[in-house]
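Letters A, B, ... are given to chains in the order of the sequence lines, protein chains preceding strands, and every chain is numbered from 1. What you see is a predicted model; the values in this text were computed from it and never measured.
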Amino acid sequence: MRWTESLINTLWQAPSEAEISSHKLMLRAGLVKKLAAGIYIFMPLGLKVLRKIENIVREEMDASGALELLMPTLQPEQLWQETGRWDKMGKEMMKIQDRHKRQFGLGPTHEEIVTDVIRKEVKSYKQLPVTLYQIQTKFRDEIRPRFGVIRAREFTMKDAYSFDRDIDGLNKNYKKMREAYCKIFDRCALKYQIVEAESGIMGGDVSHEFMALADSGEDTIVLCPSCGYSASMEKAEGDKCPKCASRMKIKKGIELGHIFKLGTKYSESMGAEFLDKDGKKKTIVMGCYGIGISRIIAAVIEQNNDENGIIWPKSIAPYQVEILPVNVNDNETMQIAENLYKNFLSERIEVIIDDRNERPGIKFKDADLIGIPIRITISSQKAKDNIVEIHKRDTGENKLVKIDDLLENLRIYL
RNA sequence: CGGGGCGUAGCGCAGCUUGGUUUAGCGCGCCUGCCUUGGGAGCAGGAGGCCGGAGGUUCAAAUCCUCUCGCCCCGACCA
């Protein structure tokens with residue numbers, strides 16, 4: 001990508017609406033723009049990051065054996081009446097009417113729909129277990145949208161649902177999902193804590209939250225230093241460990257994901273049953289598993305930034321390498337820069353070249369702000385000796401290398 | 001929804017108390033030219049606003065009054 005063709009607009013000062021660093025940086029780097037409270041446009045640079053995360057999630061979900069499908073956002077009232085959640089969800093569900101005055105909800109979650117799918121498709125124990133997932137836009141009319149994409153009213157979520165013959169199967173699937181979640185958050189370079197949680201309106205008895213540790217987080221979690229027990233504040237109801245009674249540490253976090261053992265709450269009310277080996281009708285046992293995809297972006301930035309800007313982990317960086325020619329009016333510089341750019345493209349290295357005719361200071365500041373992991377600076381003096389500089393955004397390490405050795409040196413970091 | 005605060009150019013802000021001195025201003029950004037090119041340079045010229053909206057008071061409203069819409073922060077909810 002050429003900067004001059006990228007529609008990347010950075011801001012010197014963060015809009016006053018932003019309070020926490022991830023929100024400020026997302027706006028300053030131009031990843032997102034606000035359309036209304038809790039409603040954001042993902043600009044091209046921001047969308048690249050979102051897609052990277054989606055792909056990681058997709059890969060790990062597929063690896064766990066889950067099947068991807070896509071369910072509608074628009075959901076008929078009747079299904080929600082079956083479980084009683086049409087009223088229970090209350091004002092959090094955005095509701096609309098069609099021209100025939102039929103009521104629809106904009107999906108805040110998809111238990112009703114997916115259970116409807118399964119009760120129609122699954123008849124036999126032979127079809128179980130099965131896990132379905134989707135990556136899709138969700139709508140929740142939050143009481144108070146906040147912190148940019150961290151609590152938005154429209155957001156991208158991965159939601160998965162497991163269907164088993166019995167509790168035993170559910171326990172296995174639950175464990176499998178938990179492991180998949182760990183892989184996902186590890187790959188996103190997040191520091192997180194798994195905590196016992198309340199199930200809330202989802203129902204079921206067991207649930208765990210994956211919390212990104214961040215001082216700016218809205219959620220409070222407690223950790224027991226002696227026995228390792230950890231839970232959300234609501235679940236723990238205090239700072240004494242329920243397991244070993246020692247005093248627990250309190251930390252702040254951002255909820256990235258939440259997994260639930262639902263049991264038969266939905267399958268029972270909606271009649272999702274199957275015929276078991278013995279020819280008897282049984283109720284399907286369910287679990288559900290959510291990840292806030294767009295929220296991950298904010299959490300990663302919250303954990304990876306400095307006074308100059310974002311520091312992307314390479315797994316979700318919008319580009320791996322930024323080429324920064326110090327002076328675009330210098331022929332020698334530009335010849336090298338353009339050659340490298342073409343080279344990287346053919347090597348399938350994700351690269352952006354800052355080909356703007358700006359003074360170096362502006363380009364360096366912007367490079368730091370958008371946080372590409374590796375910067376290659378090309379200046380006229382060093383170009384004479386066929387030398388360029390590699391700069392690592394995370395460590396600040398600088399290295400001068402011969403152009404012929406550049407790719408080799410780069411491979412170490414990519 | 002309760003409590004607090006804010007809407008003036010793309011972003012950050014001043015002006016409002018005490019209406020007229022404003023053709024509505026400043027910094028950054030944007031456009032043109034010159035100059036400059038290793039950490040947000042300089043000079044000159046320029047574009048961009050129904051001062052959130054609607055009513056009202058007044059000879060006169062960004063400024064005073066009423067209503068309204070939007071946004072942010074603190075609380076309960078959530079990925």
Without hydrogens or angle criteria, can the side chains of [X] and [Y] be said to hold a donor-acceptor pair below 3.5 Å?
X: A:Asp330; Y: A:Ser380; result: no
X: A:Glu268; Y: A:Thr283; result: no
X: A:Glu82; Y: A:Gln78; result: no

In whole Å, what is the span from the [atom1] atom of [X] to the [atom2] atom of [N]?
X: A:Leu7; N: B:G10; atom1: CG; atom2: P; answer: 16 Å
X: A:Gln13; N: B:G27; atom1: CD; atom2: C1'; answer: 8 Å
X: A:Asn9; N: B:A9; atom1: CG; atom2: P; answer: 18 Å
X: A:Lys91; N: B:G2; atom1: NZ; atom2: C1'; answer: 13 Å
X: A:Asp366; N: B:G38; atom1: CG; atom2: P; answer: 17 Å
X: A:Glu389; N: B:G38; atom1: CD; atom2: P; answer: 12 Å
X: A:Arg375; N: B:G39; atom1: CZ; atom2: P; answer: 11 Å
X: A:Leu11; N: B:G29; atom1: CG; atom2: P; answer: 12 Å

Is A:Trp12 stacked against the base of B:G40, taking the criterion as centroid distance under 5.5 angstrom and interplanar angle under 30°? yes

From A:Ser162 atom OG to A:Lys172 atom NZ, the distance as rounded to the nearest 0.5 Å: 13.0 Å

Quick one: side chain to side chain contact (heavy atoms under 4.5 Å, CB included) partners of A:Ile39, sequence neighbours excluded? A:Leu35, A:Ala36, A:Arg153, A:Glu154

For a quick check of understanding: with a heavy-atom distance under 4.0 Å over all strands, which category does [X] fall into, base, sugar-phosphate or nothing?
X: A:Asp330; answer: nothing
X: A:Lys382; answer: base
X: A:Asp159; answer: nothing

Considering only the [atom1] atoms, how many Å lie between [N] and [M], rounded to the nearest integer?
N: B:A54; M: B:C59; atom1: P; value: 22 Å
N: B:C11; M: B:G4; atom1: P; value: 28 Å
N: B:A76; M: B:U57; atom1: P; value: 46 Å
N: B:C73; M: B:C13; atom1: P; value: 14 Å
N: B:G7; M: B:G15; atom1: C1'; value: 15 Å
N: B:C67; M: B:G48; atom1: C1'; value: 31 Å
N: B:U21; M: B:C16; atom1: P; value: 13 Å
N: B:A14; M: B:A60; atom1: P; value: 30 Å

In Watson-Crick or G-U wobble terms, both distances under 3.5 Å, what is the partner of [N]?
N: B:A60; answer: none
N: B:C71; answer: B:G5
N: B:G45; answer: B:C31
N: B:A54; answer: B:U66
N: B:C26; answer: B:G12
N: B:G40; answer: none

State whether the distance check finds a donor on one side and an acceptor on the other, under 3.5 Å, for side chain A:Arg28 versus base B:G40. yes

Between the base of B:G39 and the side chain of A:Asp368, is there a donor and acceptor pair under 3.5 angstrom? yes

Which parts of nucleotides 70-79 of chain B does protein reach within less than 4.0 Å, heavy atoms only, written one letter per nucleotide 5' to 3' as B for base, S for sugar-phosphate only and - for none? -SSBBBBBBB

Kindly list each side-chain donor-acceptor pair under 3.5 angstrom involving residues 403-414 of chain A, sequence neighbours excluded, with atom names and distances?
residue	atom	partner	partner atom	Å
A:Asn409	OD1	A:Lys399	NZ	3.0
A:Asn409	ND2	A:Asp405	O	2.8
A:Arg411	NH2	A:Glu347	OE1	2.6
A:Tyr413	OH	A:Glu397	OE2	3.2

Using nucleotides 41-45 of chain B, report all nitrogen or oxygen pairs with the protein that are shorter than 3.5 Å.
residue	atom	partner	partner atom	Å
B:A41	N7	A:Arg359	NE	3.3

According to the ring pair (Phe, Tyr, Trp, His ring centres under 6.0 Å) rule, which pairs have a member within residues 251-271 of chain A, sequence neighbours left out? A:His258-A:Phe260

What pairs meet the ring pair (Phe, Tyr, Trp, His ring centres under 6.0 Å) rule with one or both residues in residues 187-221 of chain A, with sequence neighbours excluded? A:Tyr174-A:His208, A:Tyr181-A:Phe210, A:Phe185-A:Tyr192, A:Phe185-A:Phe210

I'd like to know if the side chain of [X] reaches the main chain of [Y], judged simply by a donor and an acceptor atom lying under 3.5 Å from each other, with no hydrogens or angles considered.
X: A:Glu196; Y: A:Ser207; result: no
X: A:Trp80; Y: A:Gln75; result: no
X: A:Lys158; Y: A:Gly292; result: no

For A:Leu256, which of A:Ile291, A:Leu190, A:Ile184 qualifies under side-chain contact (heavy atoms from CB on, under 4.5 Å)? A:Leu190

